[in-house]
Protein chains: 2
Amino acid sequence: MSKLTSIYDRSRVPLYIQVASVMRQRIDTGHWVEGDKISTLEELEQEFAVARVTIRQAIELLREEGLLNAQQGRGTFVSGKPKHNRWLNLANDFDTMVSSIKDNVLKRVHIEEIAANPDLSEGEGTLADSYVFLRSVQYNDNEPFSVVNLHLARSIFDKAGKQFMSVAALPKIVEMADVTIAHAHQTLTIGVASPETADLLKIGLGEPTADCRLVLVDDSGIAIYVADIHYHKNCFALRNDLLERSGPRRGGAK
Amino acid sequence: MSKLTSIYDRSRVPLYIQVASVMRQRIDTGHWVEGDKISTLEELEQEFAVARVTIRQAIELLREEGLLNAQQGRGTFVSGKPKHNRWLNLANDFDTMVSSIKDNVLKRVHIEEIAANPDLSEGEGTLADSYVFLRSVQYNDNEPFSVVNLHLARSIFDKAGKQFMSVAALPKIVEMADVTIAHAHQTLTIGVASPETADLLKIGLGEPTADCRLVLVDDSGIAIYVADIHYHKNCFALRNDLLERSGPRRGGAK
DNA sequence: CTCAATTTGTTCGTATGTATG
DNA sequence: ACATACATACGAACAAATTGA
């Protein structure tokens, strides 16, 4: 069995899609540059250890995406880069987070006034008496880039009521005079799109998403705000300078 | 056309795998709990709008993974949770990063003393004269969880030579008396496994990975350390408290 | 201009996988 | 379990376009 066939056994995704993924990445990372002539079908057959037709299917996929352009007798050329909207910069301090959310264009798509409690993990505080559930979608250029599933403690929801329908909840909570936020636990993982998420983000079921969970705990240890945010993977990037706060590191420092 | 069929059109992944992904996630998130009897085939058929056999294929997949257990005449039951090794906690300050790397068990799998230059993005400094390329795999419990592709400026490599073969490079660099690190740019995105990465992490080609790029820039603006780290998606999590540095947030604060 | 080499495009037959009802 | 339809993948042969000697 060839090397790739055994990898194929691991993933069960159609081979030509796997091959296309790798090629797409090569273009994306600049390994194959726009205008380049890529390897011949024959070479690709050998490299990936698959049949000619399979390579052609992969190329056809990327042709539809506008990344490749095959010309009979000449070769196959790179004709573009995958579109990325990595304009999202996840915050890693609270103020940046709040101010970046403030300007978001969002659309509430679902509200349940009587909602099941969120599942809290170790260290995420204790449950409030009851929660309201809000779901919204964030857009940029009319393209959806994230879905927010928010469990909001009813006591908080009642303070501002209808305002939560049209505005992001987090900045509103920060403004509340009688609420103290003791912790803001953030957890970032890679997840897969549920039917609802896939539908709202216009991606395939089970495709990867960047999942960010944000839990706000008040001074009595109650989780008043539990958000599960699913980002479209191409819209997600987290950038920071690890030395931003501490300044340059002189040699030999402990 | 049913709702799911149209989602299927977007993803091109076999339908039963998509269905299995959703079910797996339900178990993972605690929506379906161990011991539960899940919906009947008939209900699932309707919910996902697919044929009975397709549901059975999905269940069979999860049965092989030990998550489900179907019993004729009784129903299908949850028999376990997906294994996650989310013990990785990506640092978001430099010292934590360095000290967490120090203890890593790694295996160098590939070294090129004469290597191509890395591709630097805007703001990641300027290229050094030449680079050495090092590839290593990190293990935990004999399971690979990350692949590091490192371009190290030759001037740095020459200072410690063979030591880089067996030890993580970053702590070594920090200890160097005549090297100043001015910036440590970190970028986190979601990527896909290349053939090499898939092979080393034992995952399928094109499966999602958490990609972390770390670029160290010295005081003359040269990128002396350019690492592309690919984490297994189940081993990756980033956790922090956004209020850790600033302390609790009193209500009404601007 | 012709010829040969190179490279993509097309087709056939076969086998297996996926999905429906 | 069965009949049906279509997708995926292989290997091999042949056709058509391009290039350069």
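Proteins get letters first, then strands, A, B, ... in listed order; numbering begins at 1 in each.
A:H151 places a side-chain N or O within donor-acceptor distance of the main-chain N or O of A:A116, the cut-off being under 3.5 Å. A donor-acceptor distance shorter than 3.5 angstrom exists from the side chain of A:Q18 to the backbone of A:V13, with no hydrogens or angles considered. Side-chain atoms of B:K233 do not come within 3.5 Å of backbone N or O of B:P208 as any donor-acceptor pair. Between the A:H185 side chain and the A:G123 main chain, a donor and an acceptor come within less than 3.5 Å of each other. B:D158 contributes no side-chain N or O that, together with a main-chain N or O of B:S155, makes up a donor-acceptor pair within less than 3.5 Å. No donor-acceptor distance shorter than 3.5 angstrom exists from the side chain of B:E143 to the backbone of B:N140, with no hydrogens or angles considered. A donor-acceptor distance shorter than 3.5 angstrom exists from the side chain of B:Q25 to the backbone of A:V192, with no hydrogens or angles considered.
Counting only heavy atoms from C-beta on, A:R56 has its side chain closest to C:dT10 among C:dA19, D:dT8, C:dT10. Of the candidate nucleotides C:dG9, D:dC10, C:dA19, C:dG9 has the atom nearest to the side chain of A:R52. When the nucleotides C:dG9, D:dC10, C:dT7 are ranked by their closest atom to the side chain of A:K37, C:dT7 comes out on top. For B:P14, whose side chain is taken as the heavy atoms from C-beta onward, the closest listed nucleotide among D:dG11, C:dG9, C:dT18 is C:dT18. Residue A:A70 places its side chain closer to C:dT8 than to any other of C:dT8, C:dA19, C:dT20.
Here C:dA19 presents its C1' atom at 12 Å from CD of B:E45, a figure rounded to the nearest Å. Going from atom CD1 of A:I55 over to atom P of D:dT8 covers 15 Å, rounded to whole Å. Atom-to-atom, CD1 of B:I17 to P of C:dA19 comes out at 8 Å; the value is rounded to the nearest Å. The distance between atom CZ of A:F77 and atom P of C:dT7, rounded to the nearest whole Å, is 11 Å. Atom pair B:L44:CG and C:dA19:P shows a separation of 16 Å (rounding to whole Å applied). One can place CD of A:Q18 at 14 Å from C1' of C:dG17, the figure rounded to the nearest angstrom. In this entry the distance linking OH of B:Y16 with C1' of D:dA7 reads 13 Å, nearest Å. Taking atom CD of A:Q57 as the reference point, atom P of D:dA7 lies 11 Å away to the nearest angstrom.
One finds a side-chain N or O of B:T54 lying less than 4.0 angstrom from the OP1 or OP2 phosphate oxygen of C:dT20. Side-chain N/O atoms of A:T40 include none lying less than 4.0 angstrom from OP1 or OP2 on C:dT6.
By the 6.0 Å contact criterion, CZ on B:R56 is open, its count of non-hydrogen atoms from other residues, nucleotides or ligands being 12 or less.
Residues B:G66 and B:S79 share a closest heavy-atom pair of O-OG, 3.1 Å. Here the shortest heavy-atom pairing between B:K37 and B:G75 reads CE-CA, 4.0 Å.
Look at D:dA1: it lacks any Watson-Crick or wobble partner with both distances under 3.5 angstrom.
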Letter by letter from the 5' end, nucleotides 16-21 of chain D scores (B base, S sugar-phosphate only, - none; protein heavy atoms under 4.0 Å) BBBS--
Below 3.5 Å is the cut-off: list the nitrogen or oxygen pairs between protein and nucleotides 11-14 of chain C, distance only.
none

